[in-house]
Protein chains: 2
Amino acid sequence: MIIILAQCHVEYEGRARSRLDKGDRLILIKKDGTFTIHQELNLDPVNWQAPGCKNKVSLKENQIILQSIKTKPDEEITVYLDTVYCATYYNCVDTKNLEIRGYEKHMVDLAWEKPELIEKGFRPTRREYQTENGFIDLMGTDKDEKLMILEFKSRKAGTNAVKQLKGYVECFMDNKEFVRGIIVAPDITDNALELLKSLQMEFIPLNPPKDLLTKKASTLDSFF
Amino acid sequence: MIIILAQCHVEYEGRARSRLDKGDRLILIKKDGTFTIHQELNLDPVNWQAPGCKNKVSLKENQIILQSIKTKPDEEITVYLDTVYCATYYNCVDTKNLEIRGYEKHMVDLAWEKPELIEKGFRPTRREYQTENGFIDLMGTDKDEKLMILEFKSRKAGTNAVKQLKGYVECFMDNKEFVRGIIVAPDITDNALELLKSLQMEFIPLNPPKDLLTKKASTLDSFF
DNA sequence: CCATTAATGTCGATG
DNA sequence: CATCGACGTTAATGG
């Protein structure tokens, strides 16, 4: 992990092209080639290069130049260092991966394990069922054996989710019985709900589960 | 700009919940409240907090704890610092903004200015035309006065782009004449092209313009 | 403040 | 390798 704080100007050329005039920025270069340039504001880097790029340093007319080059697609960043305030590096030891919960996938897992959370009598039958309009998150039957098609969203569902669901239901148009199309999400926009109802489809509120599978920090781990 | 390199473990709770066990990471805190935690791999931070969050430090049982709290939506990161290798800060001076070209918007600008790049006889008439299925990037007529609806993409167009265009064209179904639906992009996926042709729509290849409007670095600027 | 959509989106899974 | 879709997407824009 290389950390450089410097006054610099930056040029980028690739899928787009950009130019950033002289100012103070933080430059971060990671072990996998990742190259990022941060200004003092905003979450995202102002310029960056994805993992796998090749980084090199050169000197031209008394100015240090950093270059970061990538292929597929061809992209290049050039940083002209005017004043370097700080340049250092660390060999990081980090073997852990992020464990995260609260994704759409976890909602489907939950509905599969506890179908009563969807509704009484719901019996899930298939996950990731492939249609010509894409994969259906979850299929099943209700207490009256009617076919149910469920589309999950981990956050507020919009009209796109409804259109997606519509496409799935249309794949069963030749079904002799009515097929229930259902959006399962923590919330839904007004527009989406209106569209949903006009299509005789349903919304079932459900929050994504966030229970981490691993032990909490309050174990022996704290001592190592 | 506060820069901390430390062995730490991290907990996050908000829209999702996550946990990252002990390891070496870079923690970056910006003037606007932005809080990011970087592992030694990958472009994106493993945990982060957007601008506007409130960050504070506390000490509990001989351990330094960083907390970053945000509302709307409620989100919180807690970093438990086990060993701090480096902690420093800089007052950055940076008045410049990024100038960037190569966006979809620039393609529409270009087609508006130089309609012959789309095709001979093309006459653009409206930009951002609102329909019930969204805004049409650009409308116009061809040499035979046929209506043309253009959807621009700054990178390879996929099936989503075609479906979007389809939605726009359907808003003109009651038109007495055939309406031409056209994807304008540097490239298109096989699936998208197949779908496009089945809908009797067209693809016109065009790269987004990347000419920067400002002067190049080879000016007096280099001396300041 | 809510809804929509582009993005050098990134990233992971899949064929 | 290309495609497809989720994401704590982020960020900007318009109502």
Please write out each protein N/O paired with an N/O of nucleotides 12-15 of chain C under 3.5 Å, distance rounded to 0.1 Å.
none

Show me the donor-acceptor pairs, under 3.5 Å and distance only, between side chains in residues 185-193 of chain B and residues at least two apart or in other chains.
unit_1: B/Thr189; atom_1: OG1; unit_2: B/Ala192; atom_2: N; d: 3.2

A/Arg126: partners by salt bridge (charged side-chain N to carboxylate O under 4.0 Å, His left out), with sequence neighbours left out: none
A/Asp109: partners by salt bridge (charged side-chain N to carboxylate O under 4.0 Å, His left out), with sequence neighbours left out: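 Here the qualifying residues are A/Lys105, A/Arg127.
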Parallel, tilted or perpendicular: ring planes of B/Phe172 versus B/Tyr129, cut at 30 and 60 degrees: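 Taking B/Tyr129 first and then B/Phe172, their aromatic rings sit tilted (interplane angle of 30° to 60°).
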5' priority, DNA chain D, between A/Glu104 and B/Gln130 [closest heavy atom]: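 Taking each residue's closest nucleotide, the earlier one in sequence belongs to A/Glu104.
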Residue closer to the 5' end of DNA chain D, A/Lys105 versus A/Lys72 (nearest nucleotide): A/Lys72
Please determine whether a side-chain nitrogen of the Lys or Arg among [X] and [Y] lies less than 4.0 Å from a carboxylate oxygen of the Asp or Glu.
{"X": "A/Lys30", "Y": "B/Glu40", "value": "no"}
{"X": "B/Glu99", "Y": "A/Arg19", "value": "no"}
{"X": "B/Lys70", "Y": "B/Glu76", "value": "no"}

Near-strand residues of residues 191-200 of chain B, defined as heavy-atom separation under 4.0 angstrom from DNA chain D: B/Asn191
Side-chain N or O of B/Thr159 closer than 4.0 Å to phosphate OP1/OP2 of D/dT3: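 No, no such contact exists.
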Watson-Crick and G-U pairing of DNA chain C, under 3.5 Å, as dot-bracket with | and [ ]: |||||||.|||||||
